[in-house]
Engineer: 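Have a look at this one before I ask anything.
Computed over heavy atoms, backbone and side chain alike; hydrogens, waters and symmetry mates excluded. Keep in mind that what you see is a predicted model, and the values were worked out from it rather than measured.
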Number of protein chains: 2
Amino acid sequence: MTFTPAEVLRDRGIAATAQRLAVLRAVANSPHITAEGVVAFAQADIGAISRQAVYDALGVLVNKGLIRRIQPVGSPALYEDRVADNHHHVICRICGVVADVDCAVGSTPCLRAADDMGYEIDEAEVAYWGRCPTCQAEGRTTTVLDTPSSRRQNQRRTRPEELHPTHTAKPEEISRAI
Amino acid sequence: MTFTPAEVLRDRGIAATAQRLAVLRAVANSPHITAEGVVAFAQADIGAISRQAVYDALGVLVNKGLIRRIQPVGSPALYEDRVADNHHHVICRICGVVADVDCAVGSTPCLRAADDMGYEIDEAEVAYWGRCPTCQAEGRTTTVLDTPSSRRQNQRRTRPEELHPTHTAKPEEISRAI
DNA sequence: CGTCGAATCTTGACTGAGTCAAGATTTTGA
DNA sequence: TCAAAATCTTGACTCAGTCAAGATTCGACG
Ligand SMILES: [Mn+2]
Ligand SMILES: [Mn+2]
Ligand SMILES: [Zn+2]
Ligand SMILES: [Zn+2]
């Protein structure tokens with residue numbers, strides 16, 4: 001037995017409104033979509049929906065585990081319906097495009113810190129940073145994500161590893177890494 | 001030979017202004033401080049400084065590698081001067097407090113995705129999520145980070161793993177994890 | 001030392017992404 | 001069917017940060 005989206009919503013204990021169903025379709029249709037993107041899609045889909053309703057729907061759908069919210073630095077939140085698996089995201093430093101990646105290290109990689117500082121740790125969230133195939137092909141080496149004022153401060157060609165020093169590694173170190 | 005902060009700044013090719021030195025002192029004084037925190041500290045320190053000057057200074061100091069910016073979800077950016085090593089952050093889901101953690105898996109953990117999607121990956125950024133010792137001691141189990149509207153939607157006791165499904169693991173899985 | 005151009009700082013308006021609050025509408029389960 | 005609860009609409013509002021233009025300061029050079 002397969003369930004309609006409306007049944008899935010009621011099963012989770014929330015009302016199956018036209019707005020929520022439209023939001024669900026928007027997210028299913030375009031992975032890593034922004035809230036504004038959902039607004040546009042859903043308005044085209046069902047004719048009208050308020051921005052607040054979209055934010056509310058995205059919020060409960062995230063809480064109920066039907067969709068996932070990711071919040072890359074420097075970008076508004078993105079939503080996707082790929083919730084069943086463990087996956088991370090790789091973000092292009094140049095153009096900001098986001099892609100899914102599985103993690104190499106088993107099913108719960110990096111889920112232990114060297115010293116947990118007394119915290120009960122239940123999740124390790126990983127964001128990979130790099131340069132996407134398109135930006136490589138176009139030979140782009142400067143970010144288009146910087147603001148004009150930071151670009152002013154930063155006339156030299158910025159090498160990415162200078163921006164994000166943590167866990168920076170040379171290619172051969174990457175090969176060695178577990 | 002040890003260098004004065006002013007010398008360090010000039011060495012990196014930027015002017016040693018009173019504002020930048022005050023920002024540097026603010027960050028050195030309180031790890032994981034917000035920009036607003038820096039404004040307050042620096043104003044007490046040198047009498048007056050504009051908010052824009054603080055943002056500008058934080059920006060160039062980050063670009064020059066003298067300080068590090070971290071941007072936890074749901075929090076304004078935080079700044080610290082611990083830049084020499086690889087370290088990550090663990091964030092309390094209940095109260096939002098941030099602590100430093102080293103990563104367990106060698107010096108470049110998680111720096112390889114299963115499939116790099118054609119990206120040139122140069123960094124893996126890890127955020128650990130959990131419950132801090134204080135919140136454990138106080139027996140707090142509900143977030144104080146949610147907004148009122150999301151709290152309205154979310155009457156049941158929220159178990160953290162329901163909020164952040166990625167890399168969720170039971171304790172025994174954590175023990176098994178590399 | 002003084003000077004001068006570049007770098008930096010101040011001021012104040014402005015933006016994007018998201019939230020709040022109150023009242024109207026819709027959904028659901030009895 | 002019908003009311004109570006949940007949800008949606010509207011429009012103001014907030015927060016963190018950015019923009020732009022002009023004033024001030026820094027520091028390399030003479
Ligand atoms: Mn994804
Ligand atoms: Mn830190
Ligand atoms: Zn790109
Ligand atoms: Zn806490």
Engineer: Quick one: B:Ile14 CD1 to D:dA28 C1', roughly how many Å, whole number?
Structural biologist: 17 Å

Engineer: Within this structure, what is the CD-to-P distance between A:Gln52 and D:dT7, rounded to whole angstrom?
Structural biologist: 14 Å

Engineer: Which heavy atom in A:Ala77 sits nearest to a heavy atom in A:Arg69, and how many Å separate them?
Structural biologist: CB-CG, 3.9 Å

Engineer: Distance check needed: D:dA6 C1' versus A:Asp56 CG, whole Å only.
Structural biologist: 11 Å

Engineer: A:Tyr55 has a side chain; which of C:dA17, C:dT28, D:dT9 sits nearest to it?
Structural biologist: C:dA17

Engineer: Grab the two heavy atoms, one from A:Arg131 and one from A:Gln136, that are nearest each other, plus how far apart they are.
Structural biologist: O-NE2, 2.8 Å

Engineer: Provide, to the nearest angstrom, the distance between the CD1 atom belonging to B:Ile33 and the C1' atom belonging to D:dA16.
Structural biologist: 15 Å

Engineer: In this structure, how many angstroms lie between the C1' atom of C:dA17 and the CG atom of A:Leu78, rounded?
Structural biologist: 12 Å

Engineer: Can you check whether B:Ile67 reaches B:Leu24 side chain to side chain, under 4.5 Å on heavy atoms?
Structural biologist: yes

Engineer: Counting heavy atoms from C-beta on, name the nucleotide in D:dC8, D:dA20, C:dC9 closest to the side chain of B:Thr17.
Structural biologist: C:dC9

Engineer: Need one value for A:Ala16: base, sugar-phosphate or nothing, where a base atom within 4.0 Å counts as base even if backbone is also close, heavy atoms only.
Structural biologist: sugar-phosphate

Engineer: Less than 4.0 angstrom between a side-chain N/O of A:Gln19 and OP1 or OP2 of C:dT26, yes or no?
Structural biologist: no

Engineer: Please give me the minimum heavy-atom distance between A:Tyr79 and A:Thr34, naming the atom from each residue.
Structural biologist: CD1-C, 4.5 Å

Engineer: Rounding to an integer number of Å, can you tell me how far A:Arg69 CZ sits from C:dT19 P?
Structural biologist: 7 Å

Engineer: Out of C:dG18, D:dT9, D:dG27, which nucleotide sits closest to the side chain of A:Ala53?
Structural biologist: D:dT9

Engineer: Please work out whether the ring planes of A:His32 and A:His87 are parallel, tilted or perpendicular, with thresholds of 30° and 60°.
Structural biologist: tilted

Engineer: Both B:Pro76 and A:Ala15 contact DNA chain D. Which one's nearest nucleotide lies toward the 5' end?
Structural biologist: A:Ala15

Engineer: Please give, in whole Å, the distance from D:dC8 P to A:Arg20 CZ?
Structural biologist: 5 Å

Engineer: Separation of A:Asp11 atom CG from C:dT28 atom C1', in whole Å?
Structural biologist: 15 Å

Engineer: Is the base of C:dG18 touched by the side chain of A:Arg51 through a donor-acceptor pair closer than 3.5 angstrom?
Structural biologist: yes

